[in-house]
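Reviewing the structure listed below.
Keep in mind that what you see is a predicted model, and the values were worked out from it rather than measured.
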Amino acid sequence: MKLIPFLLLCLILPGCGWARIGDTIDELRKRYGTADRLHDEIGGLTVVEYEKPPFSLKFKLLELKTEGIEAVGDMSRTEAEVLIARNVPLESFTPDELEDGLLKQTFFVFFSKYLFNSGTKAYFLKGKLEGSKTAKVLIDTPKMQQYDKRLKGLNEKKELDNANIKIDSLEKPESTSEKSRASGTTPSVITDEDDDMACPPDIFRDRSAVSGGAQMGQDATFASMGTAIGRYKHKLYLGIGSRWNLKVQQSIHQIGVKRVVIRFFVKPDGSISQLDVVQGDPNSILGQISGDAINQSSSLIGPFPDALSSRYPKGFPWQLAFRIY
């Protein structure tokens, strides 16, 4: 093993003082621009993705701060170590050679791992095919490692529960309505991209969920995701939901009102105005939390793309439903 001092790398790396671990969504946007993809996953994880040829970058945020990073692209081991050094706060890391082929993924083979004083771990993975130049870098803080461990346990439990349900169904098949209730989701369907007001998409949370287990209505659909407005609304929905999830998690036991619907107006520059609680109590904790989440997402995903600006030059009204069940 050899010790690589991070400070030495800082002397040769331009912009090394910019530590990406710990970045918020807004800080990532300032550094990389508008995200190509932004979505929430189980357990309060927010994933922000960028395409920056020759790399694809994925930032994993817990409580809206970057705790994990993935980078895939054409890179050598030296380039991977430079990338690792730039993305972790001022620390030294120790390379620890792994036996080639010891741990495998579908397209990559683990090659080297790097250990940091704080407990952060990083990995360099080589492309599985002979002669492949494509590689992957993984960086996970202790908090991200704990999340992965917890998620693995939840997935194993879910797999076991599903296995029991499947075997039970051999003797007593469930009806479609029973399956829908068991899933705990209520998909929102929009049939007309110019008339979403009749059925606003849901952002919701189960009171009995484990800490951080907020859900965001993954099945909600946006009037043809193939349209410019559908894609924009989807990104805005996820941006608002990521903030709402955290706020609800901090105040879940104080929330009494179960549902509010808020209407607002999205301007071409991406800013949000004219908030109006059209259903529910605007002075309730849920109403205030939901309104704050929308306000804090103003301008988050940037201005309209050209295709959307031409169709909605003055912007468009929209509304979202927020509920606790």
Side-chain angles (χ1 to χ4, degrees), residues 24-26 38-40 44 46 63-64 184-209 212-223 225 229-304 308 312-325:
T24 64
I25 291 179
D26 291 337
L38 188 155
H39 56 94
D40 274 24
T46 298
E63 297 183 355
L64 301 181
T185 60
T186 305
S188 299
V189 179
I190 303 170
T191 58
D192 184 348
E193 76 167 286
D194 292 319
D195 185 17
D196 313 3
M197 298 304 174
C199 188
D202 263 319
I203 296 178
F204 58 90
R205 188 186 194 279
D206 181 351
R207 269 187 206 277
S208 63
Q215 295 137 338
M216 280 190 53
Q218 295 283 353
D219 291 330
T221 58
F222 297 90
M225 278 290 290
I229 192 171
R231 290 189 295 270
Y232 194 88
K233 285 179 176 179
H234 189 240
K235 292 173 71 174
L236 181 58
Y237 167 85
L238 293 172
I240 293 171
S242 63
R243 280 155 176 71
W244 187 84
N245 279 334
L246 181 58
K247 291 176 178 294
V248 169
Q249 182 181 334
Q250 296 169 342
S251 307
I252 184 65
H253 299 299
Q254 304 172 30
I255 298 175
V257 177
K258 295 183 178 180
R259 187 174 188 267
V260 295
V261 177
I262 300 180
R263 181 176 298 162
F264 51 93
F265 194 85
V266 186
K267 299 178 181 178
D269 63 358
S271 62
I272 297 172
S273 64
Q274 302 177 30
L275 269 70
D276 182 24
V277 178
V278 296
Q279 291 182 31
D281 182 0
N283 296 317
S284 65
I285 294 178
L286 180 60
Q288 294 173 10
I289 285 176
S290 303
D292 287 345
I294 295 174
N295 277 321
Q296 291 176 12
S297 300
S298 183
S299 302
L300 174 66
I301 64 173
F304 291 1
L308 189 55
Y312 298 94
K314 296 182 179 180
F316 61 85
W318 199 31
Q319 66 181 23
L320 289 172
F322 302 84
R323 64 186 173 97
I324 304 294
Y325 69 93

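- For the pair S271 and S298, the tightest heavy-atom approach, listed with the atom from each and the gap, is CA-OG, 3.2 Å.
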Audit row: I25, R243, side chain to side chain contact (heavy atoms under 4.5 Å, CB included) steps and yes/no: CA-CA 10 Å; I25 291 179; R243 280 155 176 71; 3.9 Å; yes

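- The two residues K267 and S273 come nearest to each other via the heavy atoms CE-OG, 3.3 Å.
- Minimum heavy-atom separation, A293 to K247: N-CE, 4.2 Å.
- Between Q288 atom CD and D281 atom CG the span is 8.5 Å, to the nearest 0.5 Å.
- Heavy atoms only, all atoms of each residue included: G287 and I262 are closest at O-CD1, 4.2 Å.
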task: In sequence, state the C-alpha distance, the side-chain angles, and the governing distance for Q319 and Q279, and then conclude on side chain to side chain contact (heavy atoms under 4.5 Å, CB included).
output: CA-CA 11 Å; Q319 66 181 23; Q279 291 182 31; 5.8 Å; no

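- Interatomic distance, CD1 of I301 versus NZ of K233, reported as 11.5 Å (0.5 Å rounding).
- Taken from CG in D292 to OG in S297, the straight-line distance is 10.5 Å, to the nearest 0.5 Å.
- Residues V260 and S284 share a closest heavy-atom pair of CG1-OG, 4.3 Å.
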CA sep, side-chain torsions, deciding dist, call: W244, L286, side chain to side chain contact (heavy atoms under 4.5 Å, CB included): CA-CA 10 Å; W244 187 84; L286 180 60; 3.8 Å; yes

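- To the nearest 0.5 Å, atom CD1 of residue I240 and atom CZ of residue F264 are 4.0 Å apart.
- Test T24, D26, N245, L246 against L64 for side chain to side chain contact (heavy atoms under 4.5 Å, CB included) and you get one pass: L246.
- A heavy-atom distance below 4.5 Å is found between the side chains of V266 and Y232.
- With values rounded to the nearest 0.5 angstrom, I203 atom CD1 is found 11.0 Å from I324 atom CD1.
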message: Please determine whether side chain to side chain contact (heavy atoms under 4.5 Å, CB included) holds for the pair I272 and W318, giving the CA-CA distance in whole Å, both sets of side-chain angles, and the decisive distance to 0.1 Å.
response: CA-CA 10 Å; I272 297 172; W318 199 31; over 6 Å; no

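- Between F265 and K314, the shortest heavy-atom distance links the atoms CE2-O, 3.1 Å.
- In this structure, S242 OG and Q296 CD are separated by 9.5 Å, a value rounded to the nearest 0.5 Å.
- Between F304 and F316, the distance from one ring center to the other falls under 6.0 angstrom.
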